[in-house]
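Everything on this sheet refers to the single structure shown next.
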Amino acid sequence: METWQKQIQESLTTPEEFAARFDLPLDQVQDIEKHFKMRITPHYASLIKEKGDGLYRQFVPDPAELEGSGVSDPLSEDSDSPVPGLVHRYPDRVLFLVSHVCAAYCRFCTRKRKVGDVNKIHPSHIDAGIEYIRRHTEVRDVILSGGDPLMLSDRKLESILARLREIPHVEILRIGSRVPCVLPQRVTEDLTNMIKKYHPVYMNVHFNHPDEINPESQRALRLLADAGIPLGNQTVLLKGVNDDPAVMKRLLQKLVANRVRPYYIYQADYVEGTEHLRTKVEKGLEIIEAVRGWTSGVAVPHFVIDAPGGGGKIPLLPNYVLSMTEDQLVLRNYQGKVFIYPQVRDGETVKAPEPELITESVDMI
Ligand SMILES: *Cc1c(COP(=O)(O)O)cnc(C)c1O
Ligand code: SF4
């Protein structure tokens, strides 16, 4: 197996390398590079089958990035930062940006303006972040993010985990990482043996397409799961990548087969330079409809929108409740069949019609 250091050394990072590898006009790639960082590992590049496929679209710069609208900090993370690099939006948990680099730069990244810029996510902010968490006893869950926390050396990552683990009110640690997908070689036994000393540690990985799951990433996921790290997956819904229910279903099923529980599907944020990859919200609902009931419940994630302006994640569900009165609910199941369910009123179940199938085809609301 090639080492991860070699993967990083041989990554494509310059416009020249991208232009040559993907047969693109150099000046075009140079223009994009003035605005947004680019990087792809040899491992991930080798998984791309053809120009424009679901893997290509996620990492190869596209001139469309310089068009369209969008904002640079759609989630107002900067204004919810009590100290730089730490976002405290929810009552009991914080997002802690501990690394400014990623193994590969996703073209749709919400922090597109920030990642790769050491001034925006600076290592010197880490001490202040830990101090903030120590002083805020309501914080029982710390989510390490970035950039990618697994781009830190084992030693640096361990120093952060160890210091957080010493704080009595911090119950769980979470790591959000795309490394198991784009640089799976980075997941070594040394790494997992280190992480498991600080349990409970959860990890959310980030896979967007079934072709991203291959023997190398499967090995990484196996090591992580064997170290007792509960694995979740966050997927971003992307046009031309996974906005097809069949593709998404295959991804979700493959994740579960590798002991990864799909956690969230995100509506792609309103970020500048990403419009060509965004879908309508209806697409996410259509995908949830296409999997709920039709495949294992453990494979079905929540579809969420991260509300602009710092409202946090809001779940969206297809409507399964057709009506609800004091007496009864009218529900539909995954196949569109309609059922009546009697309510409980004053401690007694209302004698409504038997809960039963009443019709097989009613227009969905
Ligand atoms: C996503 C997020 C979290 C974690 O949310 P969960 O729903 O608990 O996974 C925490 N803080 C911020 C700022 C986030 O964006
Ligand atoms: S790995 Fe995450 S933070 Fe890094 S570029 Fe991709 S989406 Fe952005």
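Please read these numbers as outputs of a predicted model, since none were measured by experiment.
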Quick one: salt bridge (Lys or Arg N to Asp or Glu O under 4.0 Å) pairs with a partner in residues 295-317, sequence neighbours left out? none
Could you work out, with side chain to side chain donor-acceptor pair (under 3.5 Å) as the rule, every residue matching Y90, not counting sequence neighbours? none
Could you walk me through whether N214 and E216 pass the side chain to side chain donor-acceptor pair (under 3.5 Å) test, one step at a time? CA-CA 6 Å; N214 67 347; E216 273 296 300; over 6 Å; no
Residue pairs passing the side chain to side chain donor-acceptor pair (under 3.5 Å) test with at least one member in residues 294-304, sequence neighbours excluded, are Q253-T295
Show every ring pair (Phe, Tyr, Trp, His ring centres under 6.0 Å) that has at least one partner inside residues 202-226, sequence neighbours left out. F108-H206
Among V201, V94, L157, L97, side chain to side chain contact (heavy atoms under 4.5 Å, CB included) partner for L144: L157
Where at least one partner belongs to residues 252-280, residue pairs that pass salt bridge (Lys or Arg N to Asp or Glu O under 4.0 Å), sequence neighbours excluded: R113-E272, D226-R259
Residue pairs passing the ring pair (Phe, Tyr, Trp, His ring centres under 6.0 Å) test where at least one lies in residues 127-151, sequence neighbours excluded: H88-Y132, Y132-H136
Pair listing, salt bridge (Lys or Arg N to Asp or Glu O under 4.0 Å) test, anchored in residues 36-49, at least two apart: K49-D211
What pairs of residues pass the salt bridge (Lys or Arg N to Asp or Glu O under 4.0 Å) test when at least one of them lies in residues 291-301, not counting sequence neighbours? none
Suppose we screen for side chain to side chain donor-acceptor pair (under 3.5 Å). Which residues come up paired with R186, at least two apart in sequence or across chains? D154
Salt bridge (Lys or Arg N to Asp or Glu O under 4.0 Å), that's the test. Do E131 and R134 meet it? Break it down for me. CA-CA 5 Å; E131 196 43 44; R134 201 191 314 278; 3.1 Å; yes
May I have all residue pairs that pass ring pair (Phe, Tyr, Trp, His ring centres under 6.0 Å) and include part of residues 238-270, sequence neighbours excluded? Y264-Y266
Determine which pairs satisfy ring pair (Phe, Tyr, Trp, His ring centres under 6.0 Å) with at least one residue from residues 26-73, sequence neighbours left out, and list them in order. F22-Y56, Y44-F59
Using a 4.5 Å cut-off on heavy atoms from C-beta on, say whether the side chain of R21 contacts that of V60. no
Could you list the residues that satisfy side chain to side chain donor-acceptor pair (under 3.5 Å) with D117, not counting sequence neighbours? none
